[in-house]
Number of protein chains: 2
Amino acid sequence: MVLPRAARTQRRTRIQEEKEERILEAALEVFSLHGFRGATVDQIAEVAGMSKPNLLYYFRTKEAMHRALITRVLDTWLDPLREFDAAGNPVSEIRSYIRRKLEMARDFPRESRLFANEMLQGATNIEDELKGPLKSLVDEKAAVIRAWAKAGKIARCDPYHLIFSIWSTTQHYADFDVQVRAVLGQEKAGDGRFEDAARFLEQLFINGLEVRDAAP
Amino acid sequence: MVLPRAARTQRRTRIQEEKEERILEAALEVFSLHGFRGATVDQIAEVAGMSKPNLLYYFRTKEAMHRALITRVLDTWLDPLREFDAAGNPVSEIRSYIRRKLEMARDFPRESRLFANEMLQGATNIEDELKGPLKSLVDEKAAVIRAWAKAGKIARCDPYHLIFSIWSTTQHYADFDVQVRAVLGQEKAGDGRFEDAARFLEQLFINGLEVRDAAP
DNA sequence: TGATAATTTGACCGGTTGGTAAACATTACA
DNA sequence: TGTAATGTTTACCAACCGGTCAAATTATCA
(Lines give C-alpha, C1' and ligand atoms only; values in the text may rest on other atoms or scores of the structure.)
Protein backbone atom coordinates (compact mmCIF):
# COMPACT_ATOMS: atom_id res chain seq x y z
CA MET A 1 0.00 0.00 0.00
CA VAL A 2 1.17 3.53 -0.58
CA LEU A 3 -0.81 5.82 1.69
CA PRO A 4 -1.00 4.70 5.29
CA ARG A 5 0.65 7.83 6.69
CA ALA A 6 -1.24 9.36 9.56
CA ALA A 7 -4.38 7.92 8.03
CA ARG A 8 -3.81 4.76 10.06
CA THR A 9 -4.78 1.36 8.95
CA GLN A 10 -5.84 0.53 12.46
CA ARG A 11 -3.17 0.97 15.04
CA ARG A 12 0.02 3.00 14.82
CA THR A 13 3.35 1.37 14.33
CA ARG A 14 6.10 1.89 16.84
CA ILE A 15 8.01 3.64 14.09
CA GLN A 16 5.02 5.87 13.37
CA GLU A 17 4.76 6.95 16.97
CA GLU A 18 8.44 7.67 17.26
CA LYS A 19 8.69 9.61 14.03
CA GLU A 20 5.51 11.60 14.51
CA GLU A 21 6.79 12.50 17.94
CA ARG A 22 10.13 13.66 16.55
CA ILE A 23 8.40 15.63 13.82
CA LEU A 24 6.03 17.43 16.16
CA GLU A 25 8.91 18.25 18.47
CA ALA A 26 10.80 19.79 15.56
CA ALA A 27 7.67 21.51 14.31
CA LEU A 28 7.19 23.08 17.72
CA GLU A 29 10.72 24.39 17.63
CA VAL A 30 10.30 25.98 14.21
CA PHE A 31 6.68 27.13 14.26
CA SER A 32 7.08 28.73 17.67
CA LEU A 33 10.00 30.75 16.42
CA HIS A 34 8.79 31.84 12.99
CA GLY A 35 5.02 31.40 12.89
CA PHE A 36 3.20 29.37 10.29
CA ARG A 37 4.16 31.28 7.19
CA GLY A 38 7.69 31.96 8.30
CA ALA A 39 8.39 28.32 9.02
CA THR A 40 9.63 26.06 6.23
CA VAL A 41 9.15 22.34 5.84
CA ASP A 42 12.83 21.93 4.97
CA GLN A 43 13.82 23.52 8.25
CA ILE A 44 11.49 21.32 10.26
CA ALA A 45 12.85 18.28 8.45
CA GLU A 46 16.38 19.32 9.25
CA VAL A 47 15.63 19.85 12.94
CA ALA A 48 13.84 16.50 13.01
CA GLY A 49 16.88 14.94 11.39
CA MET A 50 15.07 13.41 8.46
CA SER A 51 14.53 14.08 4.79
CA LYS A 52 11.70 16.31 3.65
CA PRO A 53 9.85 13.63 1.69
CA ASN A 54 10.14 11.35 4.67
CA LEU A 55 8.58 13.97 6.86
CA LEU A 56 5.81 14.50 4.32
CA TYR A 57 5.14 10.79 4.45
CA TYR A 58 3.87 11.26 7.99
CA PHE A 59 2.17 14.59 7.57
CA ARG A 60 0.90 15.19 4.07
CA THR A 61 1.14 18.98 4.27
CA LYS A 62 2.68 21.73 6.34
CA GLU A 63 -0.81 22.68 7.45
CA ALA A 64 -1.57 19.15 8.66
CA MET A 65 1.57 19.26 10.80
CA HIS A 66 0.57 22.59 12.21
CA ARG A 67 -2.94 21.43 12.98
CA ALA A 68 -1.73 18.30 14.73
CA LEU A 69 0.71 20.33 16.78
CA ILE A 70 -1.80 22.94 17.85
CA THR A 71 -4.41 20.39 18.82
CA ARG A 72 -1.99 18.46 20.95
CA VAL A 73 -0.47 21.45 22.70
CA LEU A 74 -3.68 23.36 23.30
CA ASP A 75 -4.99 20.59 25.47
CA THR A 76 -2.11 20.49 27.93
CA TRP A 77 -1.84 24.24 27.80
CA LEU A 78 -5.23 24.64 29.40
CA ASP A 79 -4.56 22.20 32.23
CA PRO A 80 -3.66 24.83 34.83
CA LEU A 81 -7.00 26.57 34.32
CA ARG A 82 -8.86 23.26 34.59
CA GLU A 83 -7.30 22.69 38.01
CA PHE A 84 -8.76 25.94 39.22
CA ASP A 85 -10.97 24.64 42.01
CA ALA A 86 -14.28 26.20 43.03
CA ALA A 87 -14.20 24.44 46.38
CA GLY A 88 -10.76 25.70 47.30
CA ASN A 89 -9.72 28.83 49.11
CA PRO A 90 -9.92 31.76 46.66
CA VAL A 91 -6.63 33.35 47.62
CA SER A 92 -4.64 30.15 47.47
CA GLU A 93 -6.36 29.07 44.26
CA ILE A 94 -5.42 32.29 42.54
CA ARG A 95 -1.94 32.14 43.99
CA SER A 96 -1.31 28.63 42.77
CA TYR A 97 -2.84 29.35 39.39
CA ILE A 98 -0.35 32.18 38.93
CA ARG A 99 2.44 29.90 40.05
CA ARG A 100 1.47 27.11 37.69
CA LYS A 101 1.15 29.44 34.74
CA LEU A 102 4.52 30.94 35.53
CA GLU A 103 6.07 27.50 35.73
CA MET A 104 4.67 26.69 32.33
CA ALA A 105 6.12 29.90 30.91
CA ARG A 106 9.48 28.87 32.32
CA ASP A 107 9.37 25.19 31.36
CA PHE A 108 7.43 25.32 28.10
CA PRO A 109 8.22 28.65 26.47
CA ARG A 110 7.95 27.24 22.97
CA GLU A 111 4.39 26.16 23.54
CA SER A 112 3.55 29.62 24.79
CA ARG A 113 5.15 31.24 21.76
CA LEU A 114 3.37 28.89 19.43
CA PHE A 115 0.02 30.19 20.68
CA ALA A 116 1.20 33.75 20.77
CA ASN A 117 2.21 33.49 17.12
CA GLU A 118 -1.13 31.94 16.34
CA MET A 119 -3.04 34.77 18.01
CA LEU A 120 -0.96 37.47 16.43
CA GLN A 121 -1.58 36.05 13.01
CA GLY A 122 -5.32 36.02 13.38
CA ALA A 123 -5.78 32.50 14.76
CA THR A 124 -7.74 31.45 11.69
CA ASN A 125 -6.74 27.82 12.32
CA ILE A 126 -8.00 27.65 15.87
CA GLU A 127 -10.81 30.17 16.01
CA ASP A 128 -13.29 27.36 16.54
CA GLU A 129 -11.26 26.00 19.43
CA LEU A 130 -11.24 29.45 20.99
CA LYS A 131 -14.94 30.07 20.61
CA GLY A 132 -15.83 26.55 21.71
CA PRO A 133 -13.84 24.65 24.34
CA LEU A 134 -11.74 27.58 25.52
CA LYS A 135 -14.67 29.94 25.94
CA SER A 136 -16.67 27.29 27.79
CA LEU A 137 -13.85 26.62 30.20
CA VAL A 138 -13.29 30.31 30.86
CA ASP A 139 -17.01 30.92 31.29
CA GLU A 140 -17.10 28.18 33.88
CA LYS A 141 -14.16 29.55 35.86
CA ALA A 142 -15.41 33.10 35.51
CA ALA A 143 -18.61 32.01 37.22
CA VAL A 144 -16.57 30.60 40.09
CA ILE A 145 -14.70 33.85 40.51
CA ARG A 146 -17.89 35.83 40.37
CA ALA A 147 -19.36 33.65 43.09
CA TRP A 148 -16.32 34.25 45.28
CA ALA A 149 -16.72 37.98 44.80
CA LYS A 150 -20.40 37.85 45.61
CA ALA A 151 -19.65 35.89 48.78
CA GLY A 152 -17.26 38.63 49.79
CA LYS A 153 -14.19 36.41 49.63
CA ILE A 154 -12.42 38.57 47.10
CA ALA A 155 -13.01 42.05 45.75
CA ARG A 156 -15.67 42.55 43.12
CA CYS A 157 -14.09 42.59 39.72
CA ASP A 158 -14.61 41.48 36.15
CA PRO A 159 -13.59 37.81 36.20
CA TYR A 160 -12.78 37.70 32.48
CA HIS A 161 -10.31 40.54 32.67
CA LEU A 162 -8.84 38.99 35.79
CA ILE A 163 -8.15 35.81 33.87
CA PHE A 164 -6.78 37.78 30.93
CA SER A 165 -4.40 39.63 33.20
CA ILE A 166 -3.09 36.44 34.77
CA TRP A 167 -2.57 34.96 31.34
CA SER A 168 -0.79 37.98 29.98
CA THR A 169 1.48 38.69 32.93
CA THR A 170 2.69 35.11 33.18
CA GLN A 171 3.01 34.30 29.49
CA HIS A 172 4.92 37.53 29.08
CA TYR A 173 7.95 35.82 30.58
CA ALA A 174 7.92 33.25 27.79
CA ASP A 175 6.76 35.31 24.83
CA PHE A 176 8.83 38.42 25.56
CA ASP A 177 11.77 36.62 27.06
CA VAL A 178 14.28 38.50 24.94
CA GLN A 179 12.93 41.83 26.10
CA VAL A 180 12.76 40.78 29.73
CA ARG A 181 16.37 39.66 29.65
CA ALA A 182 17.51 42.78 27.85
CA VAL A 183 15.79 45.10 30.31
CA LEU A 184 16.81 43.24 33.44
CA GLY A 185 20.42 43.14 32.33
CA GLN A 186 22.90 40.41 32.99
CA GLU A 187 22.91 40.58 36.75
CA LYS A 188 19.13 40.25 37.21
CA ALA A 189 18.21 38.17 34.17
CA GLY A 190 19.28 34.82 35.62
CA ASP A 191 16.93 32.04 36.57
CA GLY A 192 15.95 34.05 39.62
CA ARG A 193 13.80 36.27 37.48
CA PHE A 194 10.97 33.75 37.66
CA GLU A 195 11.09 33.78 41.44
CA ASP A 196 11.06 37.58 41.44
CA ALA A 197 8.18 37.59 39.01
CA ALA A 198 6.22 35.09 41.10
CA ARG A 199 6.73 37.16 44.23
CA PHE A 200 5.66 40.36 42.52
CA LEU A 201 2.63 38.90 40.77
CA GLU A 202 1.37 37.19 43.90
CA GLN A 203 1.63 40.43 45.80
CA LEU A 204 -0.09 42.32 43.01
CA PHE A 205 -3.00 39.96 42.58
CA ILE A 206 -3.54 38.99 46.19
CA ASN A 207 -3.45 42.56 47.46
CA GLY A 208 -5.25 43.82 44.38
CA LEU A 209 -8.14 41.45 44.94
CA GLU A 210 -8.46 41.89 48.69
CA VAL A 211 -11.88 42.94 49.79
CA ARG A 212 -12.35 46.68 50.33
CA ASP A 213 -15.01 48.77 52.01
CA ALA A 214 -18.00 48.42 49.74
CA ALA A 215 -19.63 51.63 48.61
CA PRO A 216 -23.25 51.42 49.78
CA MET B 1 20.81 59.43 -12.00
CA VAL B 2 19.71 55.95 -11.10
CA LEU B 3 20.06 55.54 -7.35
CA PRO B 4 18.63 58.39 -5.31
CA ARG B 5 16.13 56.21 -3.48
CA ALA B 6 16.10 56.75 0.22
CA ALA B 7 19.76 57.76 -0.14
CA ARG B 8 18.60 61.31 -0.59
CA THR B 9 20.31 63.83 -2.77
CA GLN B 10 19.70 66.47 -0.15
CA ARG B 11 16.03 66.92 0.63
CA ARG B 12 13.20 64.50 0.02
CA THR B 13 10.75 65.03 -2.78
CA ARG B 14 7.07 65.35 -2.04
CA ILE B 15 6.64 62.15 -4.00
CA GLN B 16 9.30 60.45 -1.94
CA GLU B 17 7.62 61.38 1.31
CA GLU B 18 4.22 60.26 0.11
CA LYS B 19 5.41 56.94 -1.27
CA GLU B 20 7.64 56.07 1.64
CA GLU B 21 4.71 56.83 3.90
CA ARG B 22 2.42 54.55 1.90
CA ILE B 23 5.03 51.80 1.86
CA LEU B 24 5.65 51.89 5.60
CA GLU B 25 1.92 51.88 6.22
CA ALA B 26 1.58 48.77 4.06
CA ALA B 27 4.66 47.21 5.61
CA LEU B 28 3.16 47.73 9.06
CA GLU B 29 0.01 45.97 7.95
CA VAL B 30 1.86 42.96 6.58
CA PHE B 31 4.79 42.63 9.01
CA SER B 32 2.52 42.95 12.03
CA LEU B 33 0.38 40.12 10.75
CA HIS B 34 3.01 37.67 9.55
CA GLY B 35 6.35 38.62 11.07
CA PHE B 36 9.47 39.31 9.08
CA ARG B 37 9.94 35.94 7.48
CA GLY B 38 6.27 35.34 6.87
CA ALA B 39 5.80 38.67 5.11
CA THR B 40 6.45 38.93 1.38
CA VAL B 41 7.55 41.95 -0.60
CA ASP B 42 4.89 41.23 -3.21
CA GLN B 43 2.19 41.38 -0.58
CA ILE B 44 3.45 44.65 0.82
CA ALA B 45 3.59 46.07 -2.69
CA GLU B 46 0.02 44.97 -3.32
CA VAL B 47 -1.25 46.53 -0.09
CA ALA B 48 0.65 49.71 -0.91
CA GLY B 49 -0.93 49.67 -4.36
CA MET B 50 2.30 49.80 -6.30
CA SER B 51 4.53 47.48 -8.28
CA LYS B 52 7.25 45.52 -6.54
CA PRO B 53 10.16 47.13 -8.40
CA ASN B 54 8.67 50.51 -7.61
CA LEU B 55 8.58 49.66 -3.95
CA LEU B 56 12.16 48.41 -4.11
CA TYR B 57 13.12 51.73 -5.61
CA TYR B 58 12.36 53.38 -2.28
CA PHE B 59 13.62 50.62 -0.02
CA ARG B 60 16.38 48.56 -1.52
CA THR B 61 15.62 45.43 0.49
CA LYS B 62 12.90 43.88 2.59
CA GLU B 63 15.21 44.22 5.56
CA ALA B 64 15.70 47.94 4.97
CA MET B 65 11.92 48.39 4.99
CA HIS B 66 11.65 46.46 8.19
CA ARG B 67 14.41 48.42 9.86
CA ALA B 68 12.90 51.74 8.85
CA LEU B 69 9.53 50.65 10.15
CA ILE B 70 10.83 49.40 13.48
CA THR B 71 12.90 52.49 14.11
CA ARG B 72 10.01 54.81 13.40
CA VAL B 73 7.47 52.90 15.46
CA LEU B 74 9.68 52.11 18.43
CA ASP B 75 10.13 55.75 19.18
CA THR B 76 6.47 56.67 19.47
CA TRP B 77 5.76 53.38 21.16
CA LEU B 78 7.83 54.40 24.15
CA ASP B 79 6.22 57.80 24.55
CA PRO B 80 3.81 56.78 27.30
CA LEU B 81 6.66 55.56 29.48
CA ARG B 82 8.61 58.77 28.88
CA GLU B 83 5.68 60.78 30.18
CA PHE B 84 5.85 58.87 33.45
CA ASP B 85 6.58 61.72 35.81
CA ALA B 86 8.69 61.42 38.95
CA ALA B 87 7.23 64.64 40.32
CA GLY B 88 3.64 63.53 39.93
CA ASN B 89 1.40 61.69 42.33
CA PRO B 90 2.34 57.98 42.22
CA VAL B 91 -1.18 56.64 42.09
CA SER B 92 -2.34 58.98 39.37
CA GLU B 93 0.88 58.47 37.40
CA ILE B 94 0.42 54.73 37.39
CA ARG B 95 -3.25 55.09 36.62
CA SER B 96 -2.68 57.32 33.64
CA TYR B 97 0.20 55.19 32.39
CA ILE B 98 -2.14 52.20 32.31
CA ARG B 99 -4.76 54.28 30.56
CA ARG B 100 -2.35 55.55 27.92
CA LYS B 101 -0.97 52.11 27.22
CA LEU B 102 -4.48 50.75 26.90
CA GLU B 103 -5.40 53.51 24.50
CA MET B 104 -2.40 52.64 22.39
CA ALA B 105 -3.42 48.99 22.34
CA ARG B 106 -6.84 50.08 21.14
CA ASP B 107 -5.74 52.68 18.62
CA PHE B 108 -2.49 51.17 17.35
CA PRO B 109 -2.86 47.41 17.57
CA ARG B 110 -0.69 46.80 14.53
CA GLU B 111 2.24 48.58 16.09
CA SER B 112 1.85 46.45 19.18
CA ARG B 113 1.73 43.27 17.11
CA LEU B 114 4.76 44.33 15.15
CA PHE B 115 6.83 44.40 18.33
CA ALA B 116 5.25 41.25 19.65
CA ASN B 117 6.22 39.45 16.46
CA GLU B 118 9.68 40.86 16.79
CA MET B 119 10.08 39.62 20.35
CA LEU B 120 8.67 36.20 19.61
CA GLN B 121 11.07 35.70 16.78
CA GLY B 122 14.11 36.52 18.85
CA ALA B 123 14.34 40.26 18.23
CA THR B 124 17.68 39.86 16.50
CA ASN B 125 17.02 43.06 14.58
CA ILE B 126 16.40 45.24 17.60
CA GLU B 127 18.37 43.60 20.36
CA ASP B 128 20.66 46.62 20.51
CA GLU B 129 17.71 48.97 20.86
CA LEU B 130 16.42 46.86 23.71
CA LYS B 131 19.68 46.68 25.58
CA GLY B 132 20.44 50.34 24.97
CA PRO B 133 17.73 53.03 24.86
CA LEU B 134 14.91 50.85 26.16
CA LYS B 135 16.87 49.50 29.12
CA SER B 136 18.06 53.00 30.02
CA LEU B 137 14.55 54.37 29.97
CA VAL B 138 13.20 51.54 32.07
CA ASP B 139 16.09 51.80 34.51
CA GLU B 140 15.30 55.47 34.95
CA LYS B 141 11.61 54.90 35.60
CA ALA B 142 12.32 51.91 37.81
CA ALA B 143 14.40 54.19 40.01
CA VAL B 144 11.46 56.55 40.27
CA ILE B 145 9.14 53.76 41.32
CA ARG B 146 11.66 52.49 43.84
CA ALA B 147 11.90 55.96 45.34
CA TRP B 148 8.14 56.13 45.69
CA ALA B 149 8.16 52.80 47.47
CA LYS B 150 10.94 53.87 49.80
CA ALA B 151 9.04 57.04 50.62
CA GLY B 152 6.07 54.91 51.58
CA LYS B 153 3.87 56.26 48.80
CA ILE B 154 3.28 52.85 47.27
CA ALA B 155 3.92 49.31 48.45
CA ARG B 156 7.42 47.93 48.16
CA CYS B 157 7.70 45.90 45.01
CA ASP B 158 10.06 45.06 42.20
CA PRO B 159 9.73 48.03 39.83
CA TYR B 160 10.86 46.08 36.77
CA HIS B 161 8.23 43.42 37.17
CA LEU B 162 5.67 46.12 37.82
CA ILE B 163 6.50 47.70 34.49
CA PHE B 164 6.46 44.32 32.76
CA SER B 165 3.04 43.57 34.15
CA ILE B 166 1.63 46.87 32.95
CA TRP B 167 3.09 46.27 29.52
CA SER B 168 1.77 42.75 29.26
CA THR B 169 -1.73 43.35 30.58
CA THR B 170 -2.35 46.31 28.32
CA GLN B 171 -0.70 45.03 25.15
CA HIS B 172 -2.62 41.80 25.59
CA TYR B 173 -5.71 43.56 24.25
CA ALA B 174 -3.92 44.28 21.00
CA ASP B 175 -1.77 41.18 20.58
CA PHE B 176 -4.36 38.62 21.67
CA ASP B 177 -7.37 40.50 20.34
CA VAL B 178 -8.75 37.42 18.59
CA GLN B 179 -8.65 35.44 21.80
CA VAL B 180 -10.14 38.24 23.87
CA ARG B 181 -13.05 38.59 21.46
CA ALA B 182 -13.59 34.85 21.25
CA VAL B 183 -13.67 34.43 25.01
CA LEU B 184 -15.80 37.46 25.76
CA GLY B 185 -18.35 36.44 23.15
CA GLN B 186 -20.43 38.70 21.01
CA GLU B 187 -22.29 40.51 23.75
CA LYS B 188 -19.21 41.59 25.73
CA ALA B 189 -16.62 41.90 22.96
CA GLY B 190 -17.78 45.29 21.71
CA ASP B 191 -15.82 48.48 22.08
CA GLY B 192 -16.77 48.52 25.75
CA ARG B 193 -14.18 45.86 26.46
CA PHE B 194 -11.50 48.51 26.67
CA GLU B 195 -13.44 50.42 29.28
CA ASP B 196 -13.97 47.23 31.25
CA ALA B 197 -10.30 46.40 30.98
CA ALA B 198 -9.28 49.87 32.12
CA ARG B 199 -11.57 49.68 35.13
CA PHE B 200 -10.28 46.26 36.10
CA LEU B 201 -6.62 47.05 35.62
CA GLU B 202 -6.79 50.30 37.55
CA GLN B 203 -8.43 48.50 40.43
CA LEU B 204 -5.87 45.73 40.31
CA PHE B 205 -2.81 47.93 40.21
CA ILE B 206 -3.97 50.70 42.50
CA ASN B 207 -5.20 48.34 45.19
CA GLY B 208 -2.35 45.95 44.59
CA LEU B 209 0.21 48.68 45.16
CA GLU B 210 -1.41 50.29 48.16
CA VAL B 211 0.84 50.50 51.17
CA ARG B 212 0.41 47.68 53.68
CA ASP B 213 1.58 47.13 57.19
CA ALA B 214 5.30 46.72 56.90
CA ALA B 215 6.81 43.67 58.48
CA PRO B 216 9.40 44.88 61.01
C1' DT C 1 10.09 74.44 -24.24
C1' DG C 2 13.73 71.41 -23.74
C1' DA C 3 16.83 68.79 -21.19
C1' DT C 4 17.84 66.60 -17.15
C1' DA C 5 16.67 64.11 -13.09
C1' DA C 6 13.21 61.32 -10.71
C1' DT C 7 9.93 57.74 -11.03
C1' DT C 8 7.57 53.59 -12.81
C1' DT C 9 7.18 49.34 -15.30
C1' DG C 10 7.59 44.61 -17.55
C1' DA C 11 10.60 41.10 -18.27
C1' DC C 12 13.55 38.42 -16.08
C1' DC C 13 16.99 35.70 -12.79
C1' DG C 14 18.78 32.34 -9.60
C1' DG C 15 17.37 30.33 -5.37
C1' DT C 16 13.80 28.53 -2.35
C1' DT C 17 9.22 26.95 -1.48
C1' DG C 18 5.66 23.11 -0.64
C1' DG C 19 4.82 19.00 -2.57
C1' DT C 20 5.11 14.61 -5.88
C1' DA C 21 6.64 10.14 -8.33
C1' DA C 22 8.73 6.25 -8.29
C1' DA C 23 12.42 3.35 -7.14
C1' DC C 24 14.55 1.37 -3.27
C1' DA C 25 15.09 -0.43 1.63
C1' DT C 26 13.28 -2.23 5.70
C1' DT C 27 10.04 -4.26 8.73
C1' DA C 28 6.31 -7.29 10.27
C1' DC C 29 4.36 -11.50 10.22
C1' DA C 30 2.18 -15.82 8.19
C1' DT D 1 11.93 -17.82 4.93
C1' DG D 2 9.05 -15.32 1.77
C1' DT D 3 6.24 -11.65 0.80
C1' DA D 4 3.37 -7.95 1.41
C1' DA D 5 3.06 -3.75 3.88
C1' DT D 6 5.60 -0.06 5.66
C1' DG D 7 9.22 3.23 5.53
C1' DT D 8 12.99 6.03 3.08
C1' DT D 9 15.45 8.31 -0.56
C1' DT D 10 16.73 10.51 -4.95
C1' DA D 11 15.28 13.22 -8.47
C1' DC D 12 12.21 16.36 -9.72
C1' DC D 13 8.35 20.00 -10.47
C1' DA D 14 5.71 24.30 -10.79
C1' DA D 15 4.99 28.27 -8.10
C1' DC D 16 6.86 31.74 -5.50
C1' DC D 17 10.68 34.26 -3.29
C1' DG D 18 13.73 38.63 -3.02
C1' DG D 19 15.90 41.31 -6.11
C1' DT D 20 17.91 43.31 -10.83
C1' DC D 21 17.88 45.68 -15.25
C1' DA D 22 17.02 48.47 -18.94
C1' DA D 23 13.62 50.78 -21.11
C1' DA D 24 9.69 53.85 -20.77
C1' DT D 25 7.26 57.45 -18.42
C1' DT D 26 6.68 61.51 -15.67
C1' DA D 27 8.10 65.54 -12.91
C1' DT D 28 11.27 69.55 -12.34
C1' DC D 29 13.05 73.73 -13.51
C1' DA D 30 16.43 76.80 -16.19
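Each chain gets a letter, A, B and so on, in the order its sequence line appears, and its residues count up from 1. Quick caveat: nothing in here was measured; it's all calculated off a predicted structure.
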Determine the contact category for [X]: base if any of its heavy atoms lies under 4.0 Å from a base atom, sugar-phosphate if only primed atoms, P, OP1 or OP2 are that close, otherwise nothing.
{"X": "A:Ala45", "value": "nothing"}
{"X": "B:Ser51", "value": "base"}
{"X": "A:Lys52", "value": "base"}
{"X": "B:Ala64", "value": "nothing"}

Is there a side-chain contact between B:Gln171 and A:Phe176, using heavy atoms and a 4.5 Å cut-off?
yes
Please tell me if [X] has a side-chain N or O lying less than 4.0 Å from either OP1 or OP2 of [N].
{"X": "A:Tyr57", "N": "D:dT8", "answer": "no"}
{"X": "B:Gln16", "N": "C:dT7", "answer": "yes"}
{"X": "A:Tyr58", "N": "D:dT8", "answer": "yes"}

Can you tell me how far [atom2] of [N] sits from [atom1] of [X], to the nearest Å?
{"X": "B:Arg37", "N": "D:dC16", "atom1": "CZ", "atom2": "P", "value": "19 Å"}
{"X": "B:Glu18", "N": "D:dT26", "atom1": "CD", "atom2": "C1'", "value": "14 Å"}
{"X": "A:His34", "N": "C:dG18", "atom1": "NE2", "atom2": "P", "value": "12 Å"}
{"X": "A:Arg60", "N": "C:dG19", "atom1": "CZ", "atom2": "P", "value": "12 Å"}
{"X": "A:Lys19", "N": "C:dT26", "atom1": "NZ", "atom2": "C1'", "value": "11 Å"}
{"X": "A:Glu46", "N": "C:dT16", "atom1": "CD", "atom2": "C1'", "value": "14 Å"}
{"X": "B:Met65", "N": "D:dG19", "atom1": "CE", "atom2": "P", "value": "10 Å"}
{"X": "B:Glu63", "N": "D:dC17", "atom1": "CD", "atom2": "C1'", "value": "16 Å"}

Does any donor atom in the side chain of A:Tyr160 or B:Asp196 lie under 3.5 Å from an acceptor atom in the other side chain?
no
Looking just at side-chain N and O atoms, do B:His66 and B:Glu118 make a donor-acceptor pair shorter than 3.5 Å?
yes
From [options], nucleotide with atom closest to [X] side chain:
{"X": "B:Leu56", "options": "D:dG19, D:dT8, C:dG19", "answer": "D:dG19"}
{"X": "B:Asn54", "options": "C:dT9, D:dT8, D:dT9", "answer": "C:dT9"}
{"X": "B:Pro53", "options": "D:dG18, D:dT20, C:dA21", "answer": "D:dT20"}

Do the rings of B:Phe84 and B:Tyr97 sit parallel, tilted or perpendicular, given the 30° and 60° boundaries?
perpendicular
Check for me whether the distance between the ring centres of A:Tyr173 and B:His161 falls short of 6.0 Å.
yes
Whichever of A:Leu55 and B:Thr61 has the more 5' nearest nucleotide on DNA chain D, that residue is A:Leu55
